[in-house]
Amino acid sequence: MSLDKILSISGKPGLYELKTQTRTGFVVEALADGKKMSVSIHHNVSVLSEIAIYTYTEEVPLREVFKRIQEKESGAQTISHKESKATLQSFFSGILPDYDEDRVYPSDMKKVIQWYNILQAKEITDFEAPEETAAEEEE
């Protein structure tokens, strides 16, 4: 399963897999407990493949940050998202040394670490970018 089908929904903890679209929103399944629920289009929904982390030079896609964590931890779980602010910042600067300290908050770091651990626990560890289509290659 790719990050294109994994969602974060504001106001709801954890991550969700997109199952189908409906007229009024989406049907998702929680990765934590497998419960399905309907989410209206009025919720703020983010697809993990579309999220990026600010650095001083560019925006690094979340999948790249996940790959760096995976390499650092040799594919295993990483630190807890409940660690102290200093521990989170130290860890984050180890995987993304030039992250923008003014725009990447400790709460963002907690989310990234928590999401990585959820994905790793569910064995969703393919963080490669999807292959380009033939039309994109011709451009």
Find out if a path of hydrophobic residues (ILVMFWY) with successive side-chain heavy-atom gaps under 4.5 Å connects [X] to [Y].
| X | Y | result |
| --- | --- | --- |
| Val112 | Ile118 | yes |
| Leu62 | Ile95 | yes |
| Tyr105 | Leu88 | no |

Taking side chain as C-beta onward, heavy atoms only, is Leu7 less than 4.5 Å from Leu48?
no
Classify the ring geometry between Tyr99 and Phe92 as parallel (under 30°), tilted (30 to 60°) or perpendicular (over 60°).
perpendicular
How long is the gap from [atom1] on [X] to [atom2] on [Y], to the nearest 0.5 Å?
| X | Y | atom1 | atom2 | result |
| --- | --- | --- | --- | --- |
| Lys36 | Glu17 | NZ | CD | 9.0 Å |
| Ile113 | Trp115 | CD1 | CH2 | 12.0 Å |
| Asp98 | Thr57 | CG | OG1 | 4.5 Å |
| Phe91 | Glu83 | CZ | CD | 10.0 Å |

May I ask you to say whether [X] pairs ionically with [Y], meaning some side-chain N is under 4.0 Å from a carboxylate O?
| X | Y | value |
| --- | --- | --- |
| Glu128 | Lys67 | yes |
| Glu64 | Arg68 | yes |
| Asp4 | Arg63 | yes |

On a heavy-atom basis, which atom in Arg103 and which in Asp108 lie closest, and how many Å separate them?
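Looks like O-OD2, 3.8 Å.
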For Met109 and Val104 the tightest heavy-atom approach is CE-O, 3.9 Å
Please confirm whether the backbone N or O of Gly75 pairs with a side-chain atom of Gln120, one donor and one acceptor, at under 3.5 Å?
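It does hold such a pair.
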Between Ser90 and Thr87: side-chain donor-acceptor atoms closer than 3.5 Å:
no
Using the side-chain contact (heavy atoms from CB on, under 4.5 Å) rule, take Thr20 and Phe26 through it: C-alpha gap first, then chi angles, then the decisive distance, then the call.
CA-CA 6 Å; Thr20 188; Phe26 309 97; over 6 Å; no
Other residues, nucleotides, ligands: >12 heavy atoms within 6.0 Å of Lys5 NZ:
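Result for NZ/Lys5: open.
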